[in-house]
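If you're wondering where the values come from, they're calculated on a predicted model, not measured in any experiment.
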Amino acid sequence: YEYDSSTLDISDIALDSKTLKLYPNPASDKLFVSTTAQVERIAIYNINGQLVKQINTVVNGVDVSQLPTGLYMMQIQTNAHTTTQKFIKK
């Protein structure tokens with residue numbers, strides 16, 4: 001048995017929360033992603049895990065005005081990593 005501490009490392013998770021921000025949260029019309037990395041793709045899932053919106057080019061925020069009110073998960077893929085953030089649509 002060989003122990004590999006990299007599988008238990010949480011440094012990537014801690015880095016994500018500090019380098020990536022969603023605002024405003026809750027959002028009504030537009031949701032903005034602030035990150036130091038280049039955003040390549042965004043996928044928005046409803047609380048049931050269904051894909052409700054996918055964006056391949058992010059320019060001037062993400063339009064969430066057509067989404068029903070509720071809790072969503074936004075999966076953000078950058079050139080460095082992929083992370084998931086919660087947001088509320090009001």
- Query: Applying side chain to side chain donor-acceptor pair (under 3.5 Å), which residue pairs with at least one partner in residues 49-64 are found, sequence neighbours left out?
  - Reply: Asn46-Gln50, Asp63-Ser65
- Task: Please step through side-chain contact (heavy atoms from CB on, under 4.5 Å) for the pair Tyr72 and Ile47, ending with a clear verdict.
- Result: CA-CA 6 Å; Tyr72 293 88; Ile47 198 67; over 6 Å; no
- Message: To the nearest 0.5 Å, what is the distance between CG on Asn48 and CE on Met73?
- Response: 12.5 Å
- Nearest-0.5 Å distance that lies between atom CG in Leu20 and atom OG1 in Thr35: 4.5 Å
- Message: Among residues at least two apart in sequence or on other chains, which ones pass side chain to side chain contact (heavy atoms under 4.5 Å, CB included) with Asn25?
- Response: Phe87, Ile88
- Message: Quick check: closest heavy atoms across Leu22 and Lys86, and the distance to 0.1 Å?
- Response: CD1-O, 4.1 Å
- Task: Any chance you could lay out the side-chain contact (heavy atoms from CB on, under 4.5 Å) test for Glu40 and Asn79, step after step, and finish with the verdict?
- Result: CA-CA 7 Å; Glu40 295 178 348; Asn79 56 357; 3.3 Å; yes
- Message: How close do Phe32 and Gly61 get, counting heavy atoms only, and between which atoms?
- Response: CD2-CA, 3.6 Å
- Message: Applying a strict under-4.5 Å side-chain criterion to I, L, V, M, F, W and Y, I'd like to know whether Tyr45 and Leu31 cluster together.
- Response: no
- Task: State, yes or no, whether a side-chain contact exists between Gln75 and Thr82 at a heavy-atom distance under 4.5 Å.
- Result: yes
- Query: Should Thr83 and Gln85 count as side-chain neighbours, where that means a heavy-atom distance under 4.5 Å?
  - Reply: yes
- Report the C-alpha separation of Leu67 and Val52 in whole Å, then their side-chain angles, then the decisive distance to 0.1 Å, and conclude whether the side-chain contact (heavy atoms from CB on, under 4.5 Å) test is met. CA-CA 8 Å; Leu67 296 177; Val52 294; 3.9 Å; yes
- For the residue pair Val64 and Ile44, establish whether any side-chain heavy-atom pair is separated by less than 4.5 Å. yes
- Item | For Thr69, side chain to side chain contact (heavy atoms under 4.5 Å, CB included) partners two or more places apart | none
- Min side-chain heavy-atom separation Gln38-Thr78 under 4.5 Å: no
- Query: Does the side chain of Val33 reach to within under 4.5 Å of the side chain of Met74, using non-hydrogen atoms?
  - Reply: yes
